[in-house]
Each structure stands twice: as structure tokens, then as C-alpha cells.
Amino acid sequence: MGKGIVIRSTGSWYSVEDENGQIFNCRIKGKLRLSGIKATNPVAIGDEVIFEVDEKLNQSVINTIVQRKNYIIRKASKLSKQYQIIASNLDLAVILITIKEPVTYTEFIDRFLVTAEAYNIPVLIVINKIDIYTGDDIKKMEAIRYLYNSVGYETLEISIKQSINIENFREIIQNKKVLLTGNSGSGKSSLINKIIPGKKLKTNQISAYHKKGQHTTTFPEMFKVGDNTYLIDTPGIKSFGIIDIGAEELFHYFPEIFKISHNCRYNNCIHVNEPDCAVRESVAQSIISAERYENYLKILYDNNEKYRTM
Ligand code: GDP
Ligand code: ZN
């Protein structure tokens, strides 16, 4: 019997690292099922598991998954009702963004923040490439920092290229399982290479990514940074599923909207066109950012077709 963390998964095989850093190749016990989750993968990276070792076969069998602290999922495919657990037991989610080359849109940020709020995962917004920002870029960066700090998120400005604030970042992630996300080109691979000595992930893969007819199944990967410290890369995962978040629930995941919603006239107000909506009044008075509110509406309409006509 052993206990460890799933650090790699290919669908049928799992690599489990025990407390001593030893890696075990594991399969799962046929009947292993978790109640309540309709996932295509019963075991995800980050899972804490108990396994039995078969020394003769040089393989092990996972027979128990310890109750997950949290997890993050995506839809198995666009139309599918099933989903894939990307990773579990996360201590922090880092969203890497850039002001230019490429521009990260706040809608992308807000979609991710909603997901993280819904799954109870603390977030750090890391602004990369500060070495190339001048004039208006710096103003935009300050506006982004101010906006997200004011609604309760921490931010960190870094340059991977010029090694600015990298040690700071390293300290923040210590002893944590950290999900790393960000739009393509924001510097995720570069950051992993920077943080983990000897790692050489390919960077700047944008053109290869768009090659036609190439079916690439990407599995999230968990990289060991140090004792108890892991970075989880999510290559090719463009969006995380905001699944099963109804209209009456979505605003709970915009902290500043949620806070003010207590002053709306109707307690079932979803802040679209109801009379005496404190949220819309706050947007009009610039107490709530119009950009965040617009992103709220976009996500609301995307998730709930019926509100489109309102
Ligand atoms: P990914 O798609 O998120 O994995 O991004 P990559 O790590 O492949 O980085 C995309 C491009 O941005 C590469 O050409 C990197 O060299 C570049 N890059 C990454 N970090 C920085 C930085 O701090 N400053 C500058 N100027 N370029 C960077
Ligand atoms: Zn309202």
C-alpha cells in the first residue's frame, strides 16, 4: 500500500509520486467511481490516491481517491454533457496575461475568474512582458492592476525575459499546487522553463498550433518545482468550462457585483433589466466597472440562451 499524488495521466496509465518522491506506474481499479461526478476521467492530476503495489508486474493499482479539496473541469467536447477533470486539489490558479503582444482581453480574464470563484480556487493575476511596455501600455497595465485589485484579486508584474519579480513569483508558489493558465503567447512555457532548471518546453508554438488536420490530444502536465510545489500546465486548453452556472448564480462569482446585489429591490434580480437594480445603478455611477459588468452580461447570455432577447 502506498499514498501519493497523481502527477501524470494519459487516460489509462497514471504516474503517482509518493511522499519519498518515488514514482509508481498505476492503473485504476475497474470499479473505481466517484459519486456525483460525470467525468470522462475518474482520476485527475493533483488527486491524492491510495494504491497497491504489485512488485512482480511492476505496476500498481489505485483503489482509493482521497476526497478532493477542489477541482477544475472542462467539457469533454463542445456538445457533450460529459466533462473532463483537468486537475484537482489546487492551492492557487495563476492567470498569465499581457497588455500587448498579444493583448489579453478582460473577457478572457473574467471568464477564468468566474471559474476559479465557482470552484473555490484562489487566483493570482500575473502581468508578463513588462519589459516591452511604454507610454499607453503602462497606463493600460495600471488600469488593469487597479481594476482587479479593487475587486479583490492580487496582481504581480513580471518580465520573464529580464528576470523581473521571478523570485517573488517563486516564493508565492512555494508549497502549492499551482494551475498555470493564460492565452497563447502570454509566456506560460517560458515561465515554466524559467522556474524549473533544465526544463526546455518549446515556446512560441502559435504557428504549429494552427496546423490543419492535426489531432493533438493534450493532457495537462504537472511539473515539480520543488518539495511540495508543482506547476500545472494546460496546453491547448483555451477555455475552462463554466458549467452548470445558472443565471441566478453567475453574479455570485463577481465579488463586487455580489456585494452590491444585496441592495437590489428583488432578491432574484439578475441585474439585466429589473427595476431598482443596485448593480446597474452602481455601473452608471462607475462604482462597478462597466467592462466587468459587460463581461458579466456576455457570460450570462452565453450560458443562458433565453436571456439573449431581454
Ligand atoms: P505560451 O504560448 O503562453 O506558452 O507562451 P511562450 O512561452 O511560448 O511565449 C510566447 C513568446 O513570448 C515567446 O516568443 C517568448 O520568448 C516571449 N516572451 C515570454 N516572456 C516574455 C517577456 O517577459 N518579455 C518579452 N519581451 N517576451 C517574452
Ligand atoms: Zn440587480
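Counting starts at 1 for both ligands and their atoms, following the listed order.
Applying the 4.0 Å criterion to heavy atoms of Ser159 picks out, from ligand 1, the atoms 23 (O). Set against the non-hydrogen atoms of Asp131, the atoms of ligand 1 under 4.0 Å away are 22 (C), 23 (O), 24 (N), 25 (C), 26 (N). Residue Ile132 approaches ligand 1 through these ligand atoms, each under 4.0 Å from one of its heavy atoms: 26 (N). The atoms of ligand 1 that sit less than 4.0 Å from any heavy atom of Ser190 are 6 (P), 7 (O), 9 (O), 15 (C), 19 (C).
Residue contacts with ligand 1 for Thr203 involve both N, CA, C or O and side-chain atoms from C-beta outward (heavy atoms, distance under 4.0 Å). When heavy-atom distances to ligand 1 are checked against a 4.0 Å cut-off, Asn128 comes that close only through its side chain, counted from C-beta outward. At a heavy-atom cutoff of 4.0 Å, ligand 1 is contacted by both the backbone and the side chain of Ile160.
Under the ring-ring contact (aromatic ring centres under 6.0 Å, His included) criterion, Phe251 pairs with His271, sequence neighbours left out.
Judged by distance alone, the side chain of Asn128 and the main-chain N or O of Ser186 form a donor-acceptor pair under 3.5 Å. In terms of modelled atom types and a separation under 3.5 Å, the side chain of Ser150 and the main chain of Tyr146 share a donor-acceptor contact.
Considering Lys129, Lys188, Lys100 only, the shortest heavy-atom separation from atom 18 (N) of ligand 1 involves Lys129.
Side-chain heavy atoms closer than 4.5 Å link hydrophobic residues (I, L, V, M, F, W, Y) into clusters, and following such links, even through other members, never connects Val103 to Met141.
Remark: Phe24 CZ to Gln59 CD distance equals 13.0 Å, nearest 0.5 Å. Rounded to the nearest 0.5 Å, atoms CD (Glu157) and CD1 (Ile127) are 4.5 Å apart.
For ligand 1, the polar-atom distance check finds an N/O of Gly185 within less than 3.5 Å of one of the ligand's N/O atoms. Between Ser189 and ligand 1, at least one N/O pair is under 3.5 Å apart.
Between Tyr153 and Leu124, the closest side-chain pair of non-hydrogen atoms is not below 4.5 Å.
Note on Glu107 versus Arg111: salt bridge recorded, some NZ/NE/NH1/NH2 to OD/OE distance being below 4.0 Å. With salt bridges taken as basic N to acidic carboxylate O contacts below 4.0 Å, none links Glu19 and Lys3. Using a 4.0 Å cut-off between charged side-chain N and carboxylate O, Asp233 and Lys188 make no salt bridge. Between Asp91 and Lys176 there is no salt bridge, since none of the side-chain N atoms of the basic residue sits less than 4.0 Å from a carboxylate O of the acidic one.
Under the 4.0 angstrom criterion for non-hydrogen atoms, Ser184 is in contact with ligand 1.
Panel detail: the Zn ion (ligand 2) has protein N, O or S atoms under 2.8 Å away, 4 in number.
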